Amino acid sequence: MASVSGQPQFRYTQPPSKVLHLRNLPWECTEEELIELGKPFGKVVSTKCNVGANKNQAFIEFADLNQAIAMISYYASSSEPAQVRGKTVYLQYSNRQEIVNNKTNADVAGNVLLVTIEGSDARLVSIDVLHLVFSAFGFVHKITTFEKTAGFQALVQFSDAETASSAKNALDGRCIPSYLLPDHMGPCTLRITYSAHTDLSVKFQSHRSRDYTNPYLPVAPSAIDGSSQMTVGLDGKKLEPESNVLLASIENMQYAVSLDVLHMVFSAFGPVQKIAMFDKNGGVQALIQYPDVQTAMVAKEALEGHCIYDGGFCKLHISFSRHTVLNIKVNNDRSRDYTVPNVPVANTQPSILGQLPSQMAGAPAQQYAGMPYMPSPSQPTMHQSTAGWGSGQVPQSMPMQAPNTMPPYGHPGAVPFQMGPGVMQMQNQNGFPNPGASNPYHQDRPQ
DNA sequence: AGCACA
């Protein structure tokens with residue numbers, strides 16, 4: 001088809017335009033270089049670099065047509081050609097009247113981040129892990145994930161641009177801590193830019209999108225509790241239906257795990273309503289009831305495969321239960337309803353290990369008080385921030401973060417990412433990862 | 001060295 005003017009584009013007879021087309025630029029010429037080139041003739045209001053297959057073309061748009069004419073006229077009669085980095089640049093009027101503003105908003109800070117997860121196993125990164133990672137910087141409103149040519153990506157919505165930029169500054173280019181990822185997963189690097197979005201549209205809670213501001217949002221059919229249908233994840237792996245009740249089995253139980261220990265461990269993620277322990281297949285299992293699915297999901301994500309005690313002892317395996325409401329008839333050393341204050345408590349003397357704080361000994365059954373029991377600084381400071389965690393805790397407070405302090409990733413000198421293998425290191429109160437052997441949440445090391 | 005992209 002003939003061009004609009006009916007004339008070939010490479011004639012000198014193109015009508016003037018505020019936009020100039022530049023050719024023969026050095027590879028990956030920057031916007032700054034283009035502005036520098038046009039500045040003597042007027043105000044450059046927009047540029048577009050790295051155009052064309054060789055990325056050696058560009059456009060610059062002046063505020064006024066006369067400025068563009070001035071530049072063309074100057075170089076038309078100049079003995080010195082326009083140059084960038086010593087390379088002659090050829091100029092002509094563009095056949096368009098303005099640069100379409102397709103510049104990525106990558107430089108404009110917004111409250112929504114576009115996160116690209118790099119790595120061969122990027123697709124295996126769950127939305128819950130992303131939630132965990134980004135929640136360290138503030139309340140995460142919504143997350144959506146999708147796959148594009150760029151790979152596996154997520155949009156993460158914060159309340160404001162300040163929070164988003166603190167997360168971006170701290171996380172861009174970093175790897176997701178290995179202890180948050182399933183075993184044998186390669187490193188997953190985060191590349192973060194700002195998105196032009198300000199409010200994501202999340203219709204369902206699902207394995208690919210979440211709205212943490214609306215706990216009543218319908219759950220995607222694939223995740224409805226009771227459907228007992230296995231759903232299939234992105235990786236084709238079977239996923240259990242999500243539930244507010246977790247089934248924890250304890251492997252390699254060298255030490256007795258008491259009800260109180262479980263309560264302490266699971267309370268770190270939100271209010272534990274009920275716990276029921278029982279024996280099955282020669283091992284101990286427990287059902288742990290949270291008020292909502294999201295809290296359970298975060299707890300499951302964080303605790304799965306980790307050990308309550310050092311040395312690979314009492315390794316937790318966690319799945320979603322098909323139950324949604326536990327029926328606790330009596331409070332004793334194996335079952336407890338923390339939502340009912342006045343149920344008589346059977347006298348229990350939990351077996352306490354030396355590693356456990358002395359305060360734990362004989363700890364009375366206590367109603368959930370909004371604050372997870374923090375026996376030592378090396379305990380993980382895990383607090384859930386999703387709706388439904390109605391304690392007085394700082395809502396932004398999340399795992400691996402000292403409450404009310406700078407996010408650990410931003411802490412100078414802190415090296416929470418790309419840490420050594422194996423150990424599930426938690427941030428302690430000073431914001432540094434705690435490599436100490438007293439940390440109760442150690443991941444098994446295969447060797 | 002010859003007109004762009006989500």
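Treat the numbers as computed from the prediction; the structure is a model and nothing was measured.
One can place CD of A/Q153 at 12 Å from P of B/dA6, the figure rounded to the nearest angstrom. Between the CG atom of A/N95 and the P atom of B/dC3 there is a distance of 8 Å, given to the nearest Å. For A/F59 and B/dC3, the CZ to C1' distance is 4 Å, given to the nearest whole Å. As a whole-Å value, the separation of A/I60 CD1 from B/dC3 P is 17 Å. Going from atom CZ of A/R96 over to atom P of B/dA4 covers 6 Å, rounded to whole Å. Residue A/N24 contributes atom CG, which lies 15 Å from atom C1' of B/dC3 at whole-angstrom precision. When the P atom of B/dC3 is taken as reference, atom CD of A/Q14 falls 10 Å away, rounded to whole Å. Here the P atom of nucleotide B/dA4 and the NZ atom of A/K55 are 13 Å apart, to the nearest Å.
In terms of position along DNA chain B, the nucleotide closest to A/N56 lies nearer the 5' end than the nucleotide closest to the other residue of the pair A/Q97 and A/N56.
Ring centroid separation for the pair A/H131 and A/Y212 comes in under the 6.0 Å cut-off.
Contacts of A/E61 with the nucleic acid, taken as non-hydrogen atoms under 4.0 Å apart, are absent.
Remark: of the listed residues A/L34, A/I99, A/I35, A/I60, A/I99 is the sole one forming a side chain to side chain contact (heavy atoms under 4.5 Å, CB included) with A/S46.
Residue-nucleotide stacking is not present for A/Y90 and B/dG2, judged by a side-chain ring centre under 5.5 Å from the six-membered base ring centre and planes under 30° apart.
No side-chain heavy atom of A/F158 sits under 4.5 Å from any side-chain heavy atom of A/F139.
For A/Q92 against B/dG2, a side-chain N or O and a base N or O form a donor-acceptor pair under 3.5 Å.
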Check: After noting the C-alpha distance and the side-chain angles of A/D128 and A/R210, does the key distance pass the salt bridge (charged side-chain N to carboxylate O under 4.0 Å, His left out) rule?
Finding: CA-CA 9 Å; A/D128 300 303; A/R210 294 281 162 73; 2.7 Å; yes
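Contact between the side-chain N/O atoms of A/R23 and the OP1/OP2 oxygens of B/dC3 is not found at any separation under 4.0 Å.
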